[in-house]
2 protein chains.
Amino acid sequence: MKIDPTHILKEHSLKHTKQRVRVLEEIALDTVAISQPELEKKLGKEIDRVTLYRILNIYEDKGILHRIMDMNGTANYAICSSACSEDHHHDEHIHFNCTNCHKIYCLDVVVPHSTMPKGFTAKTVSTTAYGICEKCNLLVKKN
Amino acid sequence: MKIDPTHILKEHSLKHTKQRVRVLEEIALDTVAISQPELEKKLGKEIDRVTLYRILNIYEDKGILHRIMDMNGTANYAICSSACSEDHHHDEHIHFNCTNCHKIYCLDVVVPHSTMPKGFTAKTVSTTAYGICEKCNLLVKKN
DNA sequence: AATATAAATGCAATTTAATTGCATTTATAT
DNA sequence: ATATAAATGCAATTAAATTGCATTTATATT
Ligand SMILES: [Mn+2]
Ligand SMILES: [Mn+2]
Ligand SMILES: [Zn+2]
Ligand SMILES: [Zn+2]
């Protein structure tokens with residue numbers, strides 16, 4: 001995923017700081033989502049813990065990142081689709097949690113909606129799949 | 001939901017203690033899931049924090065309770081369907097998170113499976129819906 | 001009913017995650 | 001170049017979760 005941090009920041013009228021650029025760069029490195037602890041491990045020397053929290057929160061608010069909670073209650077972050085805005089996220093794709101490598105993939109699979117019981121009105125639906133990812137399946141086959 | 005704590009404990013060869021009975025009683029009180037902090041608030045005087053964690057973990061392992069992580073990474077617990085066992089949970093119903101009252105409902109709605117991309121093998125799929133629950137919708141209409 | 005023993009509990013201490021307040025630094029508009 | 005509002009870093013706090021260990025308790029056996 002090739003992103004332009006400077007452009008993204010300008011787009012959302014956020015001040016251009018080296019910390020904000022670094023966070024975007026780091027998250028864009030891989031196509032899979034990255035967890036807060038991983039980010040902290042990678043950037044902890046350059047960016048203060050608290051600043052990292054603040055940047056992640058503001059990016060989520062602005063619709064730049066979306067947050068995916070995993071099985072353990074850990075926050076994971078991935079770049080949002082271009083359709084996301086400050087008001088509303090449009091990240092209704094499937095999140096695939098690999099139970100082997102613990103990576104979280106944003107899969108381009110349409111989420112099947114199901115009808116809610118009478119009285120319940122759903123605004124967004126999020127689907128998470130647990131299983132073995134592409135890479136881990138290949139590794140298993142080889143051994 | 002009428003449950004028999006003593007029977008449940010015997011079924012899973014767990015020792016019958018008053019703490020374990022209380023946790024089951026408390027969770028069975030309501031049909032909606034209850035969060036760890038709520039449980040702690042309700043039982044904190046009778047049961048030690050650590051003991052509560054341990055009981056919840058063992059119940060999850062045994063397939064007595066299932067754990068539902070909410071948007072904020074907080075653990076919520078609900079009684080499992082009778083089909084759940086130590087080896088495998090069968091709680092693939094929809095979890096409805098009310099964005100107003102923050103209650104989590106286990107809805108008896110079939111989860112629609114979707115085909116995974118080539119290489120990805122899903123073992124379980126969990127679907128979470130966010131919106132307004134029955135009760136909150138009624139309250140809004142009244143006012 | 002008394003006893004043995006393995007398991008469960010409670011408590012203290014530790015670790016980790018997240019938040020808050022405030023002084024200092026920095027980006028950017030003028 | 002300067003003003004100023006925003007962002008950062010640091011210290012302190014709050015909260016969640018885990019670990020180790022001494023004590024208590026459930027239950028199987030005598
Ligand atoms: Mn995603
Ligand atoms: Mn459920
Ligand atoms: Zn994997
Ligand atoms: Zn509600």
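Order of the sequence lines sets the chain letters (A, B, ...), proteins ahead of strands, with each chain counted from 1.
- Of the residues in residues 35-43 of chain B, those lying under 4.0 Å from DNA chain D by heavy-atom distance are Gln36(B).
- Legend: residues meeting side chain to side chain donor-acceptor pair (under 3.5 Å) with Glu11(B), ordered by chain and number and at least two apart, are absent.
- Residues meeting the side chain to side chain contact (heavy atoms under 4.5 Å, CB included) test with Val109(B), sequence neighbours left out: Ser114(A), Pro117(A), Ile94(B), Leu107(B).
- Every ring-ring contact (aromatic ring centres under 6.0 Å, His included) that Phe96(B) has, sequence neighbours left out, goes to Phe120(A).
- Nucleotide dA16(D) holds its P atom 17 Å from the CG atom of Asn72(A), rounded to whole Å.
- When rounded to the nearest whole Å, the span between OH of Tyr53(A) and C1' of dA11(D) equals 16 Å.
- In this structure, Glu38(B) has no salt bridge (Lys or Arg N to Asp or Glu O under 4.0 Å) partners at least two apart in sequence or on a different chain.
- For Lys42(A), the salt bridge (Lys or Arg N to Asp or Glu O under 4.0 Å) criterion is met by Glu26(A), not counting sequence neighbours.
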**Request:** Quick one, give me the B/S/- string for nucleotides 6-11 of chain C, reading 5' to 3', where B means a protein heavy atom under 4.0 Å from the base and S means that only happens at the primed atoms, P, OP1 or OP2.
**Result:** BSSBBB
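- Remark: DNA chain D takes part in the stems C:1-30 with D:1-30, each of 3 or more antiparallel Watson-Crick or G-U pairs, criterion distances under 3.5 Å.
- Applying the side chain to side chain contact (heavy atoms under 4.5 Å, CB included) criterion to His102(B), with sequence neighbours excluded, gives no partner residue.
- By the side chain to side chain contact (heavy atoms under 4.5 Å, CB included) test, Val21(A) is found to be paired with Pro5(A), Leu9(A), His16(A), Glu25(A), residues two or more places apart in sequence or in another chain being considered.
- In this structure Glu40(A) satisfies the salt bridge (Lys or Arg N to Asp or Glu O under 4.0 Å) test together with Arg49(A), sequence neighbours excluded.
- Listed for the Tyr105(A) side chain is no donor-acceptor partner under 3.5 Å among the backbone atoms of Thr31(A).
- For Asn76(B), there are no side chain to side chain donor-acceptor pair (under 3.5 Å) partners at least two apart in sequence or on another chain.
- Atom CZ in Arg49(B) sits about 7 Å away from atom P in dA17(D), given to the nearest Å.
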